[in-house]
Chemist: 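The following block contains the structure, expressed as structure tokens.
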Amino acid sequence: MRRLLVTGGAGFIGSNFIRYWLARHPDDRVVNLDLLTYAGNLENLADIEASPGYRFVQGDIGDPTLVGSLLSDERIDTVVNFAAESHVDRSILGPDAFIATNIAGTFALLEAAKAVWGDGARDQRFLHVSTDEVYGSLAPDEPAFDERHRYAPNSPYSASKAASDHLVRAWHKTYGLPVLTTNCSNNYGPYQFPEKLIPLTILNALEGKAIPVYGDGHNVRDWLYVEDHCSGIEAVLDGGEPGEVFNIGGINEWRNIDIVRLICDRLDDLQPGNAPYREQIAFVRDRPGHDRRYAIDATHMRKRLGWRPAHDFEAGITATIRWYLEHRAWCDRVRSGAYRSYYQRQYGAG
């Protein structure tokens with residue numbers, strides 16, 4: 001039986017991970033610590049909130065007293081740190097929150113784990129969830145990022161995540177904290193906040209709005225279905241050794257424009273409009289510091305842990321589109337901010 005503290009568990013990937021974990025490990029204990037900023041939505045977990053092994057706590061990973069008490073009182077042996085500010089555009093407009101959460105917050109979380117578990121902890125695991133963006137940008141003919149690739153972040157978001165990765169490594173090397181780090185590629189799937197590329201494309205298309213594509217649309221990303229990311233984290237927790245780094249990738253590179261066109265074509269089949277949805281595509285000014293290409297080499301995951309993604313991208317994207325078609329009310333509440341009242345209704349607090 002594991003006793004997990006999942007930070008940022010009301011967000012897109014965190015909520016999918018909690019649901020994934022409890023479905024496969026119903027006897028485990030999962031404590032979800034989330035500050036409920038703009039992307040934290042407890043509606044994402046409404047179906048499991050009454051589970052006896054689940055507890056939600058609203059709070060900040062940067063609060064050492066709160067984190068220390070949860071680690072101690074709940075006898076936590078596994079931390080999975082999803083808590084992060086994660087949108088590049090927002091980091092360009094306001095980097096302060098990214099420094100506070102991604103760097104200072106990770107530092108506070110590491111210090112709390114060290115204080116409760118003690119130097120040289122052995123039976124615990126602290127898994128830090130990071131991103132492929134810490135490696136910077138690849139040329140079209142360069143090999144994909146592996147775990148030895150140098151860090152070269154180009155946005156406030158990726159720089160803050162790179163800093164947190166270095167802190168995690170240092171707390172292992174200096175204090176013996178049993179850490180693991182995962183760097184994942186772009187996730188997609190149910191419950192993703194609508195400002196991200198795939199849900200934004202789906203919803204703008206359905207609402208007859210322009211579908212914005214940065215620059216020439218030839219920026220390349222490696223796409224990973226969120227459930228595959230969850231299974232990868234499980235594999236790392238089960239088989240990784242303290243101090244190891246694992247790149248979790250979809251082995252699935254797509255240009256942004258090609259993904260947008262694919263979504264438009266699938267929507268033409270699933271919910272036809274008055275005209276082909278491709279006609280709504282609008283190229284817009286590129287964002288500053290826009291990395292040209294990301295790609296993950298997941299060879300280490302495959303050889304060490306026997307993991308590889310289970311979902312075909314075109315099937316996964318169709319399933320994702322269907323989910324958004326069937327959950328338009330969820331999308332409306334998220335974009336209007338009405339979802340924030342859920343916490344007050346369920347827990348009697350603001």
Side-chain angles (χ1 to χ4, degrees), residues 11-13 16 38-39 41 44 84-93 131-133 137-138 154-158 161 184-229 248-268 270-271 277-296 309 311-325 327-328 330-331 334-335:
F12 162 48
I13 304 176
N16 274 283
Y38 76 94
N41 183 358
N44 297 355
E85 298 287 342
S86 65
H87 195 255
V88 173
D89 288 352
R90 285 179 181 262
S91 81
I92 294 169
L93 296 173
T131 172
D132 57 2
E133 297 192 37
S137 185
L138 289 169
N154 292 317
S155 71
Y157 161 60
S158 57
K161 289 299 289 183
C184 72
S185 55
N186 282 36
N187 280 216
Y188 71 99
Y191 298 103
Q192 189 168 29
F193 201 76
E195 69 187 2
K196 300 289 189 172
L197 175 65
I198 288 175
L200 178 69
T201 298
I202 296 168
L203 296 175
N204 278 23
L206 293 172
E207 294 167 4
K209 299 176 181 177
I211 302 169
V213 176
Y214 281 128
D216 61 6
H218 288 191
N219 302 77
V220 174
R221 298 294 181 262
D222 177 24
W223 291 91
L224 176 69
Y225 192 62
V226 65
E227 186 173 295
D228 287 330
H229 187 189
I248 305 178
I251 318 169
N252 178 49
E253 294 182 52
W254 283 72
R255 298 189 308 175
N256 287 348
I257 185 60
D258 294 330
I259 285 186
V260 170
R261 288 169 176 160
L262 175 65
I263 292 170
C264 289
D265 294 346
R266 291 296 164 87
L267 282 171
D268 285 338
L270 295 171
Q271 190 159 315
Y277 289 109
R278 284 193 184 203
E279 294 183 8
Q280 295 169 227
I281 296 173
F283 293 92
V284 300
R285 179 183 299 177
D286 211 353
R287 71 184 179 204
H290 197 180
D291 292 331
R292 194 63 171 172
R293 173 177 168 247
Y294 303 144
I296 284 283
H311 292 81
D312 169 77
F313 180 69
E314 295 201 21
I317 203 70
T318 299
T320 299
I321 293 169
R322 289 186 185 279
W323 188 91
Y324 280 94
L325 288 173
H327 292 81
R328 295 292 297 277
W330 179 91
C331 298
V334 167
R335 290 188 296 173

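Any value given below was found using the heavy atoms of this structure, including those in side chains, with hydrogens, waters and symmetry copies removed.
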Chemist: Might you work through the side chain to side chain contact (heavy atoms under 4.5 Å, CB included) test for Q192 and Y324, ending with a clear yes or no?
Modeler: CA-CA 10 Å; Q192 189 168 29; Y324 280 94; 3.2 Å; yes

Chemist: If every non-hydrogen atom of I296 is compared with every non-hydrogen atom of S185, which pair is closest and at what distance?
Modeler: CG1-CB, 3.9 Å

Chemist: List the atom of V226, the atom of G189, and the distance in Å for their closest heavy-atom pair.
Modeler: CG1-CA, 4.2 Å

Chemist: Shortest non-hydrogen contact from I92 to P288?
Modeler: CD1-O, 3.7 Å

Chemist: Can you name the nearest heavy-atom pair linking A282 to A210, along with the distance?
Modeler: CB-CB, 4.1 Å

Chemist: Identify, with sequence neighbours excluded, every residue that meets side chain to side chain donor-acceptor pair (under 3.5 Å) alongside E253.
Modeler: R293

Chemist: In a check of side chain to side chain donor-acceptor pair (under 3.5 Å) between Y214 and each of D89, N256, D286, which one passes?
Modeler: D89

Chemist: Over all heavy atoms of both residues, which pair between S155 and V88 is shortest? Give the atoms and the distance, please.
Modeler: CB-CG1, 3.9 Å

Chemist: Working note: L200 + E195, criterion side chain to side chain contact (heavy atoms under 4.5 Å, CB included); need CA distance, chi angles, decisive distance, verdict.
Modeler: CA-CA 5 Å; L200 178 69; E195 69 187 2; over 6 Å; no

Chemist: Between atom CZ of R261 and atom CD1 of I211, what is the distance when rounded to the nearest 0.5 Å?
Modeler: 11.5 Å

Chemist: Which pair of non-hydrogen atoms, one from A295 and one from D222, has the smallest distance, and what is that distance?
Modeler: CA-CB, 4.0 Å

Chemist: Who are the ring pair (Phe, Tyr, Trp, His ring centres under 6.0 Å) partners of Y191, not counting sequence neighbours?
Modeler: W323, W330

Chemist: For the atom pair CG (N252) and CG (L224), what is the distance rounded to the nearest 0.5 Å?
Modeler: 8.5 Å

Chemist: Among T131, I198, I248, I13, which residue meets the side chain to side chain contact (heavy atoms under 4.5 Å, CB included) test with N187?
Modeler: I13

Chemist: For R328, does the CZ atom sit with more than 12 other heavy atoms under 6.0 Å from it, leaving out its own atoms?
Modeler: yes

Chemist: Look at D132 together with K161 and state whether they make a salt bridge at an N to O cut-off of under 4.0 Å.
Modeler: no

Chemist: Just by distance, no angles: are the side chains of E85 and Y157 close enough, under 3.5 Å, to form a donor-acceptor pair?
Modeler: no

Chemist: Between I281 and I257, is any pair of side-chain heavy atoms under 4.5 Å apart?
Modeler: yes

Chemist: Nearest 0.5 Å, what's the CG-OH distance between N204 and Y277?
Modeler: 12.0 Å

Chemist: To the closest 0.5 Å, what do you measure between CZ (F193) and OG (S86)?
Modeler: 10.0 Å

Chemist: Distance from L325 atom CG to T320 atom OG1, nearest 0.5 Å?
Modeler: 11.0 Å

Chemist: Has the side chain of N16 got a donor or acceptor atom that lies under 3.5 Å from a matching backbone atom of P190?
Modeler: yes

Chemist: To the nearest 0.5 Å, tell me how far D265 CG sits from D258 CG.
Modeler: 10.5 Å

Chemist: Walk me through whether R221 and D291 qualify under side chain to side chain contact (heavy atoms under 4.5 Å, CB included).
Modeler: CA-CA 10 Å; R221 298 294 181 262; D291 292 331; 4.1 Å; yes

Chemist: Given the rule in the salt bridge (charged side-chain N to carboxylate O under 4.0 Å, His left out) test, do R292 and D216 qualify, once you have shown the distances and angles that lead to the verdict?
Modeler: CA-CA 11 Å; R292 194 63 171 172; D216 61 6; 2.9 Å; yes

Chemist: So, applying side chain to side chain contact (heavy atoms under 4.5 Å, CB included) with I317, which one of I202, L262, D312 is it?
Modeler: L262

Chemist: Please work out which of the three classes, parallel, tilted or perpendicular, describes the rings of H311 and Y225, given edges at 30° and 60°.
Modeler: tilted

